[in-house]
Amino acid sequence: MFNSNNGSSSSSSSNSNRANVPEARAALDNMKYEIASELGINLKQGYNGDLPSRQAGYIGGYMVKRMIEQQERQMSGK
């Protein structure tokens with residue numbers, strides 16, 4: 001993977017959880033809660049440290065899948 005923060009592939013001071021487009025943060029959060037609800041995962045506002053990694057991974061995976069589908073539709077003009 002390429003890290004655009006400082007050109008290195010690993011940096012303990014970089015935050016990979018930062019949005020590249022800060023204006024999209026609210027939309028991404030809404031998508032996260034919508035997908036969690038669709039999957040039947042109880043995701044609450046704030047701290048979710050008690051959420052198993054598998055469930056958190058499902059949410060993130062479906063977010064990526066949906067974003068790719070949306071981009072493909074946009075690129076195809078549909």
Side-chain angles (χ1 to χ4, degrees):
M1 280 270 145
F2 179 78
N3 184 344
S4 62
N5 288 340
N6 61 7
S8 68
S9 62
S10 175
S11 174
S12 61
S13 64
S14 70
N15 182 358
S16 63
N17 204 20
R18 185 183 61 210
N20 288 331
V21 181
E23 298 82 11
R25 174 57 66 192
L28 289 171
D29 282 343
N30 288 340
M31 179 188 285
K32 175 174 59 177
Y33 290 111
E34 179 183 324
I35 289 173
S37 175
E38 290 173 9
L39 294 174
I41 298 172
N42 184 21
L43 190 65
K44 52 193 176 293
Q45 296 279 348
Y47 180 75
N48 283 289
D50 54 343
L51 189 68
S53 298
R54 171 171 261 165
Q55 290 181 341
Y58 284 149
I59 295 168
Y62 275 92
M63 286 179 69
V64 170
K65 181 179 178 182
R66 186 170 295 172
M67 286 185 279
I68 290 170
E69 288 171 351
Q70 289 172 347
Q71 185 63 33
E72 287 175 341
R73 276 194 296 276
Q74 182 180 349
M75 291 169 59
S76 70
K78 293 184 178 179

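Given the structure is predicted, the values throughout are model-derived calculations rather than measurements.
Under the 4.5 Å side-chain criterion, counting only non-hydrogen atoms from C-beta, Gln71 is not in contact with Met67. Contact of the Arg66 side chain with the Glu34 side chain is registered, since non-hydrogen atoms from C-beta on lie closer than 4.5 Å. In this structure the side chain of Met31 reaches within 4.5 angstrom of the side chain of Gln70, judged on heavy atoms.
Ser76 places a side-chain N or O within 3.5 Å of a backbone atom of Glu72 that can act as its donor or acceptor partner. The backbone N or O of Gly46 lies less than 3.5 Å from a partner atom in the side chain of Asn48, making a donor-acceptor pair.
Asp50 and Lys44 make their closest contact through OD1-NZ, 3.1 Å (heavy atoms, listed as atom of the first residue, atom of the second, distance).
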Evaluation steps, side-chain contact (heavy atoms from CB on, under 4.5 Å), between Tyr33 and Gln45: CA-CA 9 Å; Tyr33 290 111; Gln45 296 279 348; 3.6 Å; yes
Full working for side-chain contact (heavy atoms from CB on, under 4.5 Å) between Ile59 and Met63: CA-CA 6 Å; Ile59 295 168; Met63 286 179 69; 4.2 Å; yes
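Tyr62 OH to Ile41 CD1: the interatomic distance, rounded to the nearest 0.5 Å, is 9.0 Å.
Residues meeting the salt bridge (charged side-chain N to carboxylate O under 4.0 Å, His left out) test with Lys32, sequence neighbours left out: Asp29.
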